[in-house]
Structures are given as structure tokens and as C-alpha cells.
Amino acid sequence: MKNRISSFIGSILNTYAILFFSQNKVLGGILLLVSFVTPIAGLSGLFCALFSLIIIKILGYRHENIQSGLYSFNSLLLGLAFGTFFNFTPYYVLWLVFACLLVVMLTIILTDRLGKLGLPILSIPFILCYWLVLFGEGAYYHGGLQQKNALLLIHNAAGTGCLVNVYQYLSVGLPCYVCLFFRALSAVLFQNNILTGLLISIGVFIHSRIMFSLLVIGFISALLFNTITHNYPDGISYYNLGANFMLATATIGSFFLIPSARSYLWAILSVPVMFIITNALGGIMAVYNLPVFALPFCVINITLLYFLLLRKKAGKLQLVGLQHYSPERNLYQFLNQKDRLDDLKYFRFSLPFMGSWTVSQGYNGDITHKGEWGKALDFVIEDDDKKTYSHPGNLPEHFYCFNKPVLACGDGVVANVVDHVEDNAIGEANKKENWGNTVVIKHLNGLYSKVSHLKKGSIKVKVGDVVKTGDLIGRCGSSGRSPEPHLHFQVQATAYIDAKTLAYPFAFYMTGEA
Amino acid sequence: MKNRISSFIGSILNTYAILFFSQNKVLGGILLLVSFVTPIAGLSGLFCALFSLIIIKILGYRHENIQSGLYSFNSLLLGLAFGTFFNFTPYYVLWLVFACLLVVMLTIILTDRLGKLGLPILSIPFILCYWLVLFGEGAYYHGGLQQKNALLLIHNAAGTGCLVNVYQYLSVGLPCYVCLFFRALSAVLFQNNILTGLLISIGVFIHSRIMFSLLVIGFISALLFNTITHNYPDGISYYNLGANFMLATATIGSFFLIPSARSYLWAILSVPVMFIITNALGGIMAVYNLPVFALPFCVINITLLYFLLLRKKAGKLQLVGLQHYSPERNLYQFLNQKDRLDDLKYFRFSLPFMGSWTVSQGYNGDITHKGEWGKALDFVIEDDDKKTYSHPGNLPEHFYCFNKPVLACGDGVVANVVDHVEDNAIGEANKKENWGNTVVIKHLNGLYSKVSHLKKGSIKVKVGDVVKTGDLIGRCGSSGRSPEPHLHFQVQATAYIDAKTLAYPFAFYMTGEA
Amino acid sequence: MKNRISSFIGSILNTYAILFFSQNKVLGGILLLVSFVTPIAGLSGLFCALFSLIIIKILGYRHENIQSGLYSFNSLLLGLAFGTFFNFTPYYVLWLVFACLLVVMLTIILTDRLGKLGLPILSIPFILCYWLVLFGEGAYYHGGLQQKNALLLIHNAAGTGCLVNVYQYLSVGLPCYVCLFFRALSAVLFQNNILTGLLISIGVFIHSRIMFSLLVIGFISALLFNTITHNYPDGISYYNLGANFMLATATIGSFFLIPSARSYLWAILSVPVMFIITNALGGIMAVYNLPVFALPFCVINITLLYFLLLRKKAGKLQLVGLQHYSPERNLYQFLNQKDRLDDLKYFRFSLPFMGSWTVSQGYNGDITHKGEWGKALDFVIEDDDKKTYSHPGNLPEHFYCFNKPVLACGDGVVANVVDHVEDNAIGEANKKENWGNTVVIKHLNGLYSKVSHLKKGSIKVKVGDVVKTGDLIGRCGSSGRSPEPHLHFQVQATAYIDAKTLAYPFAFYMTGEA
């Protein structure tokens, strides 16, 4: 229970932190805090985050995305925007709830569509849904939503109570461009507040120095380019467009690409392209009287990522494979992997155990290794009589393979761990947590191995650990869909627990050792 | 020939009935009839339905979709809209023909695109094409089409001749909201006619009480919600938007979902979401001076369906797997299947015959079991000399397997039957009707079995029959691509006659009986 | 080096020629020449073509598409449009470079998306990007680009210097409709110049009489249809829409379809459908003050192609399978293939050599035949001791199979040839040019065979050659990833060198001969 609550709180903080492409709890906490500068906005945002987390949990979507906040941050943005731009009335609640439902639907659908291409959805679901709401409230119909007037918005910008004093103190004391930087940053939460921007800056700085440096570089690049072209006479603070440039520079330079001199170069080169996109989208949306929000940021990121994904070889500009939600960590893992895996053209697996085991269920096996899970192997230890246990065999301990060491079958990084599933009594199978205690190791991009049904509490590694061939990672157990102790081993292309198997020719590589 | 004509008439009636998600011939007939309230509209609709059926038949698209009306109902809508909104001139015919060709193209393309995601196209092809026509006839160009003026449209609403009297009698005699209900219903055929709505209501009621109840519920929900929000000051009759809400409630509550308390709840909850979508689309289209027609209905249906399809487990809100075009029948089949198949986690097949047969062609066989049809088995009966026939073997009757009973290999529902193909003389193969007489049985969602080359006239079951393992379904023959009598057996994921095979491990399950 | 330069010049000329769906160097040269009627436009076009070729080469995209100009012609169009419509200023260069980068990205992305459906991208990337630029330079922002005024554009139309005299001479001397034809043709390069049109006509006529005839037919059809419907009061020269009709007729009639009476009929029938599309798109874009350019042409082509691709049988209206970039050649190859392959239902392969060879690596082999390249065979010649070479075996010549004839394994057309890779010393493997010298033969639509690692300079065939079973095509070598001489043989679905293997049951068909 305690675990559940802390996991739920974690997913809420992630929902906030992921606005800055992070899973840093401190940054998440700061964002949650400053969202309450306009209390109704903060409240609406929190409500929408909770509401969408609950809906998605009840309907049973992919668990990893729920935990990371990927399924709920668009709802959070909707709540923040509602609270910032609309007056609070009974109609407000009514439309907020159903608009939030629509955001959830769009989030799930777009995650599927873009995810299949390896692309992120960013804040597209929020933008689409908010446009629908705005348009429905426009000249033609109206359902009771009242937009705040411009004066009130300016008033709100400074916050309430003593915050106003802080705001004025800062805006006088800080250089003009620093204020502009902070104000642009606070636009991510639909604010225009120097204090908010300052606090966010601190949070981002704690989270990642690389990302912070790119926010600054993006800000300066956009300023310079605007000075050259006079695109926005009022400067890039116009319509809060600055945040678009800063975030795009940060994500291109460090989040979707492995940080390097080249990634910084591409990040800077994308600024002028973004000007083209921003101007065009701004122009189109002005026809409909709609704001563009972060759409230019979404478009440039998705376009550039898709473009780079289609290269036949990655070259020196590397896309992030396994996302660690931290530029520093992505970089570290990349260098680490590169080091040890660089000259491995054909990755060779060892068997994930010591001694001589027997394949009880092979490729396209009869019992459970079917269809998309067809290329897996189950191992047990047999005695000379082909029995897998010593008399009487009614306890896991009687089975020869039980509690035997399970090893890393190759060098890599631990990508996924489950270690809370109880071992079953003999003859029983836990069909709810099919795979039981499991370790997934990433060996190369697109090449993962998985061992399952490990003994509860036996797992020695955690996500992110670097393992070498033969490292002890746990012990053979009987958790999950396992009526008697055995070891399930498969090769797969992704880090998911329930991923499909890959038909990797590991039988060949392992013959010598078996 | 007679069969062909009755099948063709059937596909025309289906083209009408499918406007209300039915294949009920009575409903189809009523819709055909009332479409002639504006004679030129009725005529144009019928012409377009025929025209598109013929084009699609000639070019050789998927037969099932032609028969069910899925490929022609968008053309029907185009004809009805042309007749209702444009004056009849020589240019009218010219543009109607080519616009209909465009609708057919869009229908085929969108069926492919959305079908791959498991989603319906609804009336999107019609709406797109009609917009193109309207836009081309707008301020910038004009090609001779004349829009009827508003007065004439109001005049037409009541119909002609004695129909006017009936109309006035009804509009005076019936309560206001009942009139509104009927008028909204008639908007599906672009009318605004109480009598039409009344007749359609009768047809829908005959077709399905569940669907009728949902039309009423949708109507009331939309009315209530509009009363709360004052979205449309003129009520939901404004621009005939009512039909959108009613149809969406009906399809969500009973056609795409198995009818249940939950499906009703989702249907009602989708009404406010539809308000958001309808307002937004109405607003956007007003910029271009275009009507929205049933677009809000299409968008909410496709969005919700896609959203629910992506759940990892269906839970208690079940999507319809095999569409029977009747809420009652979908529900019945679902309950029936659930009952008998509920605790079958791994479906076990029996062999589809009695006694001992021999596999003459196995998985990835040499002759015809190739590529996507690779996981199939051909069975014959051999004698001790490995011969499959008694001397001289030049007639089907000489073959041991000929006329032997073919059995259902598992519990299920018959999903597809072909029973009109002649058996071949020995050595000949009918390559036009490859599979010959065939029975496809649905065992589970995504799990079908098929037996082919049965003897003509021997099949004992029809589509929709519930069969149990071992039930006699026909007799072994030599129809289709079968130079000598044998039984083709395969497992597949869909109900189509020419579906790909599934690599289901049935060899295992059948060993005991072989 | 010389080869590289000539290949690079070839790819530039292809970039021009492919505007008229050709790879004819003469036509390419003429287009390059006439693009300089407005010198700044010609220069900008050439610059963009070069720029995009270089970017795409550096980033490592698919080589075939670079060579054919498929990846660069949209950039060329962008350069031409910039030079034609904008004044040359420092800002001009700035925006041109980044807009060109955006076109390259869109080209790669759309080629992937549409290519997966078997559809061409045509000039969609250019249109999208140019709209973005125009919109960004509109009422809302401006970044220094100046649109030329209309008077200047009319002035430019005639060209400069003595070209003006030629222009006036032609416009007086030629019949009105002939002038219109030439002017419409020159619109492909954003010109309105009779001389340009005349020169292009000559180029197209040299390239293909079939295509030229269809340009004329398309022009006449559009004229007639416009006369009937009075769609454009100013005639089809209005906004240069004529080029859309002409090009669409040409591509439908002869480029994407095998030329035939039916393809001509469809080409003509598509003219009225194009009117609907053109009017609508023109109307929609006028709302945004944007030109439609060739969008109607793109839309009708993609729609019709997609529509026809989805037929279950091709019937008599055949789509072009292997594109030869020439209607005449497509037709010739089609008739040729049809002739010889018509009644082959199951294509039978012979072994690609004489005498008795041994399979050294079979399906899903241990060394390199893995995953998507799993269904391949490696052949060597062994002596009675199972040795593949005579002592000492340190030179290719010692190996029995080296220099032995390699034969066509079936009738077909040569679709791809590589013949420049050096043979390796024994024990070395060229991992950069994996397949070494290779011949791919097309046998049927979707059925290709490939032999690899041939001896350098031994290949006797070139792309487009018709080969018969048993024809000598080269000699066994040791080029590419081949540490010792052997022959790699596989069946595949496309013409690419690095295509995946098909699991075609050729083992069966070859047993008799092995």
C-alpha cells in the first residue's frame, strides 16, 4: 500500500517534471509549486493530472507510460491553460472534465500513431484539444466559458499577495534580458512571471547542466537571429514564442540526441528553420484567431527526429536509444556502451546459467511459447532419469534448478527489473503477473535479453546497472506463470517486460557452452 | 442468374440500410422509398449507388464489402445531397458522375487506411468529396452547378403533392419534441420531414429495439445538455445537428460496442465530448462556408473506437468482434461465446474428421501452401499401400476421403460459408474459385478455422450457426483448386475466405486423436 | 574520380529531367539551360539542387534515390520559385538556405511515408515548404523577403536581352493555342515563356513521343472541358493551371500506368475529376492567399494510384512495376515480360550455375544469413574430401568455384548491377560493400533473384537487359563480404541490392537439377 502511494505520488511529480523532459523529483516539485502562482490554474492542472492518471489506470493502458507521466502531462497542460485563460464558473468545471477526457483519448491515440514511427507526441494532444475548445467558444457558439480579459491576465502575471512585491523587486533589479529569459521560461506554464522562471531555472539546473546550457544557447540564438531578421519587432517575448526556441534547442541538443558538438550545432541550426515554421504556423492560426502555443516546438522536433531516424547509418550524430530522461545519463550510457560494444558486430550470447541445463520448451513450444512469443527457451535441470526434481517434488526447493544462479548472458545495461512477485506453490501459476520476477538487459540498440520467473528478492541488479557477461543477476525461482521452477530466456527488440521475442540465432552461439 | 439479380438487389438495399448500420431489408426498403420524397434526390442517390457498385465490381475490389454496401453508401449520400441541394441541369449530371467517381476512390482508399487500424470510414469520403464540390463552386470558380435557394429547400422539406397534407397533419398533431425527433432523424437523408422520420423510426424499430432506444436516449441527452449549456440558442435542430448526437449515441451504445450498461454510459458520456467537437468543427467550417454534415459523428466514433482498441485488456466494455449488423445479434453471440468459451485460455482444436487421415501437404508445403498461406494442412485417406484411391481412380468416388464427414474442429460460430462451387473432375483444378466450398468457424476473437474443397451441396451449416466440437458441417469433396478429393484445413485470424494462415500450434493439440 | 564526377553531373541532370519524369540527359540539359531565362532563378535552382545532393550524401540516405534525382528535385523547384518570385537581397540567401534544408527534411520524410504505400511524393515537399515561407512572410511577420511586384514578373516572363525579341517574334507568329500550350509547359519552371515551352517541348519529344502525345491530349481535354463548363473565364492559362492538367494526363497515361488505350482513357477521364480538385484547392488556398502550384496534379496522381493499387487483380490496366523512367521502355518491358511470363503461375528457378555445387550456408545460416536476410543460400564447389580449394588455397584461383560461370536462374529483366568492387584476398572481407559485385534479375512483379560476390569485371549484363534461363551473367568471384570465393544466391521482392530475402520455395524446384 505504502509502495502504491509513493509510486502514485512519483507519477504525479513525473507528470510535472516531464514538461522539462526530466524525471527529476526536485524539478517536478518546483513546477508543481510554481503552478500555483495562479491558484485556480494550479488546482485545475493538478486535478487534470489526477483525473487522467486514474482514467488511464482503470482502462488498463501501458503501465510504464503511466508511471513516467507520458500519458498525463498533456492533461496537466490543459488544466493549467484553463485556469490561466478562463474565469472559474460552473461551466468551467463541466467543460474542463470533458475536455480532459478528450485530451486523454488523443494522448493514447497519438502515442500509438507516432510511437510506431519512433516519434514523441510532445504537447500535440493538448494543443489540438485546446484549439477545439477555443473554437467551440468562438463566434459561432458558446457554452458558457468566459475568457479572462487581457488586463486581468497582465495583473495575474505578477501573482498575488506578497508575490507581487518579489516580482517587482526582481524586474527592477535584474538585467532586461535575464528577465526576458525567466519570463520566456515561465511561459511553459502559461505564465509570464520572472519569479516562476527563476525557480524553474534552478530546478532545471539541478536536473541537468547540459540542458540548462542549451536553454541559454537557444535563447541567445533566437535573440540574435531575430535581431538580424527583425522578424518580431517586439522581440521574441512576443506571444511567448521564446520558450519554443529554448525548449527546441534543449531537446534537439541533449534529449533526443546524445549531447555532442554536433548535436549542439544541429540545435543551433534548427533555430532559423524554426523561425520559418513559427511564422507560418502563427500566420495560419491567426486566421482562426488561435494561439500556436508550443506547436512550432513540436513540429521542428518531430520533423528533425523523423529525418534523422531515416538515415541508413547513424554516423556521429547519435539518437538516444534508451531514454534515461537526463542528458548527462544518456551521454554516460552512450559512451559506456560504445566503449565496450563498439567492435561487436554480431553480439554473442552466453547461456544465462552455469553448468548443464535442459531445454524443456523450445522455439514455438507447445505450451506458452506461441505466436509473437514463439522464439523463447525454457530451461530446467534434469537428472539422469530426466526428472527435474528430487522426491517428493511438492516444494520448489525439491527442484534441481531452484535457487541456482542466473547470469547476464552478455555485456549490457539493465533496462527493466521486476522483483516483487511471490514464488508460486508447485502446480500453481500466477496468470496476472505472467512473467514474474524478471530482468531485461539491453545489449545493443534493439537487442535485449530477458530472464523471467526468478526467485523473489533474489535480483542483484537495478535499472541502469552495467553488467558484464556472466555477472550474477539473480536466482532461478517460480514466480509468475510458472507451475514449477524453471528459467525463461528470450531475446527481444525492446525493453518492455511483455515484448515480442526476436528470432536471434543464439542457439548457435551457445552450443559450445551448453 | 436469378441468384445474381437477387444478390445485386440485396446489395442495393444494404447500401440504404447501412446508413443506419443495419442489413435489414425492410429498413433498407423504407429508406429507399422515403429517399424519393424529393424525387430528383432519390433518383440521384439510386443512380450513384448503382454506378459505384458497378465500377467497384468491374475493377475487382473485395467482394464482401461490395455485398454489404460498405463500398457504395457514401456514393448514395452524394447522390442524395446533390439532388437535395442543387438544381437539375445538364451540368448537374456531368459533375455528379465525376464527383461520384471521386467518392468511390476516396472510399476505397480510406477503407484501406482506416481498416488497417480496425476503424470504420463512416461518411468521411462523402463529406470530403462534397466539400470539394462545394468549394469548387464557391466564390472563385463556378462550373454550372446551381445551389437551390433556401426558400425552395423549405418548400421541398414537406415533400410534394398529398405528402404536404400528411406533413401538416403530423406537425400539428404531434408534440413538438416528437416532431423534432422525426425531423432530426430525416436529416440523415438530408431531409427535414416529419413523415420521413416517422417511417424511418418504424424501420429502425423493426430492425433493432436496442438501437431505437439509443436514438431516443441520444436525442434526450443532447436536448438536456443543450438546455444546460445554451450551446445552440435555436435548439439542436439547428443545422440538423441533432442527427449527429442520436446516431453517435446509437453506434457507440450498441453497434461498435456490445450493448451493456457500460456501453450505454459511454454513449451518454460521449454527448458532451461531441458538443466540443461539433462546436469546433462547425466553427472551422464556417470560415469556409461549408456545412459539417455528419463529421462530428465520424470524429467521435473513430476517436473513441481507436482509444478503446488500444487498451491492453478489454475489461467489461467489449468491442464488437465479428459484426452482425444488429445490436441484438452482436449481444447474443457475445453472451453465447462468452458462456462457452470463457474459461478456455488455450483453445484446443480437434481434427476436422473421424478416423485416421494422412497429411498430404504440411506446413510450408511444396505445392500451394506457400508464403502467407504457409501454415495449412491437407488431409487425405490412404490405404496400406499409401494409395489414396481404389482402382481406377478416375472418379471422385474412387477416392477414400470423398464424401467422408467433415466436422467442426472446435466450438464456435459459423462466420463464412461457400456452398455453390462444382466439384472438379479428377486432375482438373478450378483456379477461379480457389478454395471451393468452404466453411469458416469463429472460435475466439482472432481465431478462426477453415475447411475447404468440400463437396457441393454437402454443407449443413449457415453463417451465424453455433457449432460444437465434432458437429457435422459438411462432406469432403473436390471443389476449387483441388485436382483430387482432399480436405484443406487451416487456422486463421479473420473470417475471410482467402485469409492468411495462422501458425497456431494445433499439431500439438491434435496428436491424441490422430 | 572521373567516374564520381560524371556520376555527380548525372545526378544533377537527373534532378532537372525528373521534373518531366525522365532520366534523359538531353531533356535534363535543356531544362537546366532554360531555367536561366531568369538568371537568378536558374542560379538559385542549381544551388539548391547541389546543396541538397550534398547534405543527403553526407547524412547517408539511400543511394539510388540520390542518383535518380528523386531526393533533390523538390529543392530545385524551391530555388526556381525563390528566384522567380523574390527580390535578391542578403535575406534572400539566408532564408533560401534554411528553407532548402526544410525541403530536404520533408522530402526524406514524405518519401518514407508515401513510399511505404507504394506512392510517389511528387512536388508536395516543395509546395508545403514554399507555403510556409510565404505564410511567414505574410501579414503577420516579415523577415526581409521581398516579393517581386506583378509588373516585374510580367516583364521577366519574356526573359532578358535578345530573348525578348525571340519571345515577341514567337508570340506573334504562332497560333494562339500553340502559344498557350508552350506557356503552360513553361509554368513547370514557374515561367510564362513561349520560347522556354518550345525548347521543353523539343526535349520531351526527344525523350518520349508517348509522353508528348499525352501532354497535347491533356491540353486539349482541359481546354474542351473548360469550354463546356466555363470554369475559368480566362481559360486554363489562368494561374498557370494548364500545366497541372497536362502533366497529370501524361503521368497517368504513360508514367505510372503501362501505356495502353485504357491508360489513355483513364488519363482523359481524370481531367474532370481534376477540375473538381483544382477548383476546391484553389478556393481553399485563396482563403490563405496562397497559390496551389502543382498540388492538384499531386493529389489526383496519388489518389488514382492508391485507388488502383488496392485492386485485388490488376486486370488490363497495369501499373508500372519496375520504373524505367520512360513510357516507351516501360511498355516494351511489360510486353516482353508478359509474352514470356504470362502463363507461369509458379515461377520455377534453375540453379544459377552449371554442374554440382554444395550449399555451404543454408537458410537461417550460422554466419551471415540472419534475420531479414535469412532465406539465402551460399554455394561452393567441393572435392571428394569436402575441400573447396586445391593446395595451398591462399589465392582465389585455388578455389574450385572461382571464375566459374554464373547463370540467370530464370527468365527476366536485369534490374540492378554492381560491377566495380575489387575481389578480396583470401581471408579478407570487404564490409563496406557487403554484397560485392551483384546482379539482380526481375522475374515477375515482386519476384527478383540476386547473385552476389561475383568477380570484378566479369558481369556480362546491364540494367534493362532481358535474360533467359541459363544465360551467362558473370563469373564467381570473391568481392564484398566474402573471405573466400563463393556464390551467394537469394530470392527477394524488390530490386534493391540490400533487399530482404523472400522465403520462396526454390529448394523444391531445383532438386531435379542439383
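Numbered from 1 within each chain, the chains take letters A, B, ... in sequence-line order. These numbers come from the heavy atoms of this one structure, side chains and all, not from hydrogens, waters or symmetry mates.
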task = Find the distance between CG (B:Leu101) and OG (C:Ser270) and round it off to the nearest 0.5 Å.
result = 9.5 Å
request  = Evaluate the side-chain proximity of C:Asn279 to B:Phe135: yes if any heavy-atom separation is below 4.5 Å, no if none is.
outcome  = no
message = If you compare all heavy atoms of B:Asp112 against all heavy atoms of C:Tyr306, which two are closest, and at what distance to 0.1 Å?
response = OD2-OH, 2.7 Å
inquiry  = To the nearest 0.5 Å, what is the distance between CG on C:Leu304 and CD1 on B:Ile109?
reply    = 8.5 Å
Heavy-atom proximity to chain B below 4.5 Å, by part of C:Leu269 = both
task = Count the heavy atoms of every other residue, nucleotide or ligand shown that sit under 6.0 Å from NZ of C:Lys316, and state whether that count exceeds 12.
result = no
ask   = Is a donor on one side and an acceptor on the other found under 3.5 Å between the side chain of B:Tyr91 and the backbone of C:Ile228?
value = yes
query = Can you tell if the side chain of B:Arg113 reaches within under 4.5 Å of the side chain of C:Leu117, non-hydrogen atoms only?
reply = yes
ask   = Parallel, tilted or perpendicular: which fits the ring planes of B:Trp95 and C:Phe275, with parallel below 30° and perpendicular above 60°?
value = tilted
query = Do the side chains of B:Leu94 and C:Phe225 get nearer than 4.5 Å, heavy atoms only?
reply = yes
query = Is chain C contacted by the side chain of B:Tyr288, its backbone, both, or neither, given a heavy-atom distance below 4.5 Å?
reply = side chain
task = Could you tell me which portion of C:Leu309 (side chain, backbone, both or neither) has an atom closer than 4.5 angstrom to a non-hydrogen atom of chain B?
result = neither
ask   = Where do C:Trp266 and B:Met105 come nearest, in terms of heavy atoms and distance?
value = CZ3-CE, 4.2 Å
ask   = Which region of B:Val104, side chain (C-beta onward) or backbone (N, CA, C, O), has a non-hydrogen atom less than 4.5 Å from a non-hydrogen atom of chain C, or is it both or neither?
value = both
